[in-house]
Amino acid sequence: MKKFDPTVGWIHSNAESQAPATAASGQPPSIDTSGVYHFSRQGARLNISEQAPYASENLTAQAPSKTQIPKVAETAELVRELFSRLDQADKSQDILLRVSRTLAELDDLKIRKYELETLILQMGTDINQLQAKVQADMQEAKATEERNLKISNYRRDLIAQLALKVPAAPKPF
């Protein structure tokens, strides 16, 4: 039976007596890797040995397997799906851009409407003031004409009275 000791590694039941001795001697313990297996991310068994300390060397030494073909197909499908989703995102971006532009136009129109309403109110005030001024001028003109008529009537009456007072011219003989 094997046991794992963090300071030594895997220990066989018959090697228990040897492990403390090697740890006490100061030499690094030898680890038995015959029962330990390492696997790559794809699930392939890696050959770990003293000759090839790095896993990358083991991967390059292995022949390409046929299991990579489905992985490429899956990746291509994922890429297609990603791009199709990006296309959908682009469509929504266009719609959101149109909505943003429409809202900006609405804001501009509301501001313009407010400015026009303010202008219309000012024009209404100006119209009312001008109408009041016209009414006042018409009343003043009517009063002036009535006064002129009275003065003209007084002049006519005065001339008629003066005409009566002026001696008559002698009749020619």
Are L109 and K113 close enough, and set up right, to give a side-chain contact (heavy atoms from CB on, under 4.5 Å), and what steps lead you there? CA-CA 6 Å; L109 289 175; K113 178 184 174 187; over 6 Å; no
Under a 3.5 Å distance rule, please check whether T118 uses its side chain to pair with a backbone N or O of Y114 as donor and acceptor.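 Confirmed, T118 side chain pairs with Y114 backbone.
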Would you say that I151 contacts R147 through its side chain, given a criterion of any heavy-atom pair below 4.5 Å between the two side chains?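 I151 reaches R147 side chain to side chain.
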Would you tell me whether D126 and Q122 have side-chain atoms, one donor and one acceptor, within less than 3.5 Å of each other?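 Judged by distance alone, the side chains do pair up.
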To the nearest 0.5 Å, how far apart are [atom1] in [X] and [atom2] in [Y]?
X: T102; Y: D107; atom1: OG1; atom2: CG; answer: 11.0 Å
X: K110; Y: E117; atom1: NZ; atom2: CD; answer: 12.0 Å
X: R155; Y: N153; atom1: CZ; atom2: CG; answer: 11.0 Å
X: M138; Y: Q135; atom1: CE; atom2: CD; answer: 7.5 Å
X: D157; Y: L162; atom1: CG; atom2: CG; answer: 11.0 Å
X: D108; Y: R112; atom1: CG; atom2: CZ; answer: 9.5 Å

